[in-house]
Amino acid sequence: MNALPQRSEETERQTMADQFPASATHGLSSARSALLEEHLMREITRTESAPVAAAPRRRPRWGLVAIPVAVAAAATAVVLNVTGSTSPSAPSVAIAPVVKVLPASAQGTTELMQQVAAATSGNRHLTIRPDQYVYVRSQVGFSRQVAQRTMDGRIRMDAVHEREVWLPEDPTRSGLIREGGEDVNLGGSGVQVSVDGEAPTAAGAGNTPYAQVSALPTDPDVLLKKIYAITEGQAPGRDAAAFDWVGETVGEAIVPPKVEAAIWLAAGKIPGVEVVHGAVDAAGRHGEALAFESLNERTEYIFDRTTHTYLGERSYLVKDSKAGKAGQLTGISAVLDRGVADKVGEAPSGRKA
């Protein structure tokens, strides 16, 4: 009797990619994502009459249906409270929902990341106390299913809009996400979800997100091994999960310059990464991107072509599928401001929230 031919893991993944659209969380660790999604599903089950804003879930990096949530470095709570915001939101940025799928090449990845690392190393070294908050202001756009309560089918992009986050260094404190005219309060849980792959622990000065990320190796080869260990077993695959970790760790966080430089150098060593010229972020800024393709989605980390500073990211479909045409955006962002705030709802000193 003839045995059925075994399908490769990559073939299985590609088949699923053709059937299902991207679904992810921008800047969110898998552990934190699981906690928040579990809470969200309980809330949806409890009351279906309370609408929530569309925002990210988890890999691929953009989401379809979820509460807006923040980076692993600020994993703080499972208790969410959505209220109306008293602050006017920034005007939307017109971004075409379908972009050109630009050529990508493995040539030049090392050189680009060396330039990025050199620029990052020269950044001002910000520190954050346990009683302070990571503040990030950005422009973002997320995709969602056209048909509600479905897991496949066509997706569409929401209008690009402003997003502000206040992420507490101390997980016993409450944080805030201000997005789409709503305030999403993150209630302090007192449990610190690790950014380095360790088990969740009680809050403490020695295991804050900043302390953990500061302790990461600054040797890119050693760090890449650490990243693989942290993301071991995560979907959709070894290298894709490692590439995701990079964006999750630097997206909405304060990272010491030497560590961030090592992160980008390690990212350039991930098999399959490529350079895309002419990538555009959510603020319309053009730059060079480090890209990775998985499950019919290309994710790009975009850098200023002159200063080589990190601008933001975007993800889109590479080929036509049930989710949409090639070039259909699944998510896009642009970091506009980053700093340390003393209070929730207030921008860093000298800036307006």
Side-chain angles (χ1 to χ4, degrees), residues 26-27 70-76 90 111-140 162-170 173 175-178 195-196 205-220 223 245-268 281-283 285-290 301-313 333-353:
H26 167 57
V71 73
T76 56
E111 291 79 1
L112 176 60
M113 289 301 96
Q114 287 174 343
Q115 292 171 329
V116 170
T120 301
S121 297
N123 288 346
R124 184 163 63 99
H125 191 153
L126 296 175
T127 58
I128 179 169
R129 302 191 309 265
D131 63 329
Q132 292 179 310
Y133 301 81
V134 172
Y135 171 80
V136 180
R137 180 170 64 90
S138 56
Q139 292 281 345
V140 298
E162 186 173 87
R163 168 182 169 101
E164 291 179 287
V165 297
W166 287 265
L167 309 174
E169 188 69 2
D170 179 354
R173 294 173 176 264
L176 175 69
I177 297 172
R178 180 166 291 162
V195 301
D196 60 6
N207 68 339
T208 64
Y210 184 80
Q212 292 176 35
V213 76
S214 297
L216 289 171
T218 55
D219 181 306
L223 179 57
W245 181 93
V246 170
E248 293 166 355
T249 302
V250 304
E252 289 180 332
I254 299 295
V255 181
K258 288 185 178 180
V259 175
E260 185 176 348
I263 288 173
W264 292 123
L265 289 172
D281 72 2
R285 301 174 297 189
H286 293 249
E288 311 297 299
L290 185 72
Y301 301 142
I302 307 171
F303 307 91
D304 185 277
R305 57 179 51 154
T306 302
T307 65
H308 305 297
T309 55
Y310 175 72
L311 298 178
E313 67 175 282
S333 73
V335 176
L336 304 179
D337 194 12
R338 188 192 305 266
V340 177
D342 292 325
K343 295 181 179 179
V344 168
E346 294 184 5
S349 178
R351 308 176 201 173
K352 291 184 178 181

Student: So which heavy atom on Tyr210 is nearest to which on Leu126, and how close?
Tutor: OH-O, 3.0 Å
Student: Could you tell me which residues satisfy side chain to side chain contact (heavy atoms under 4.5 Å, CB included) with Val259, sequence neighbours excluded, listed by chain and number?
Tutor: Val213, Leu216, Thr218, Val255, Pro256, Ile263
Student: Please report the shortest heavy-atom distance between Gln139 and Ala282, naming the atom on each side.
Tutor: O-CB, 3.5 Å
Student: Quick one: does any side-chain atom of Tyr133 pair with a main-chain N or O of Val340 as donor and acceptor, under 3.5 Å?
Tutor: no
Student: Among Val136, Leu176, Ile177, which residue satisfies the side chain to side chain contact (heavy atoms under 4.5 Å, CB included) criterion with Trp166?
Tutor: Leu176
Student: For residues Tyr135 and Glu164, is any side-chain donor paired with an opposing acceptor at under 3.5 Å?
Tutor: yes
Student: May I ask you to test the Leu311-Glu288 pair for a side-chain heavy-atom distance under 4.5 Å?
Tutor: no
Student: For Asp342, which residues count as a side-chain hydrogen bond (donor to acceptor under 3.5 Å, both in side chains) partner, sequence neighbours excluded?
Tutor: Gln132
Student: Measure the OG-NZ distance between Ser121 and Lys258 for me, rounded to the nearest 0.5 Å.
Tutor: 8.0 Å
Student: Would you call Glu252-Arg163 a salt bridge at under 4.0 Å N-O?
Tutor: yes
Student: Nearest 0.5 angstrom please: His286 NE2 to Asp281 CG, how far?
Tutor: 9.0 Å
Student: Is there a donor-acceptor contact under 3.5 Å from the side chain of Arg338 to the main chain of Gly251?
Tutor: yes
Student: With Ala266, which residues qualify under side chain to side chain contact (heavy atoms under 4.5 Å, CB included), at least two apart?
Tutor: Leu223, Leu224, Ile227
Student: Under the side chain to side chain contact (heavy atoms under 4.5 Å, CB included) test, which residues partner Gln114, sequence neighbours left out?
Tutor: Thr110, Leu265
Student: Please give me the minimum heavy-atom distance between Glu169 and Ala211, naming the atom from each residue.
Tutor: OE2-N, 4.2 Å
Student: Determine whether the side chains of Ser333 and Glu313 contain a donor N or O and an acceptor N or O closer than 3.5 Å.
Tutor: no
Student: For Gly175 versus Pro168, what's the shortest heavy-atom pair and its separation?
Tutor: CA-CD, 3.6 Å
Student: Please examine the side chains of Tyr301 and Val116, heavy atoms only from C-beta on, and report whether any two atoms are closer than 4.5 Å.
Tutor: no
Student: Below 4.5 Å, heavy atoms only, C-beta onward: do Met113 and Phe303 meet side chain to side chain?
Tutor: yes
Student: Can you name the side-chain hydrogen bond (donor to acceptor under 3.5 Å, both in side chains) partners of Gln115, sequence neighbours left out?
Tutor: none
Student: Listed by chain and number, what are the salt bridge (Lys or Arg N to Asp or Glu O under 4.0 Å) partners of Glu260, not counting sequence neighbours?
Tutor: none
Student: Tell me the closest heavy-atom pair linking Pro257 and Asn123, and the distance in Å.
Tutor: CG-O, 3.5 Å
Student: Residues two or more places apart in sequence or in another chain: which of them pass side-chain hydrogen bond (donor to acceptor under 3.5 Å, both in side chains) with Thr307?
Tutor: Asp304, Thr309
Student: Apply salt bridge (Lys or Arg N to Asp or Glu O under 4.0 Å) to Asp131 and list each qualifying residue two or more places apart in sequence or on a separate chain.
Tutor: Arg129
Student: Taking all non-hydrogen atoms of both residues, which atom of Leu336 and which atom of Ala283 are closest, and how far apart?
Tutor: CD2-CB, 4.2 Å
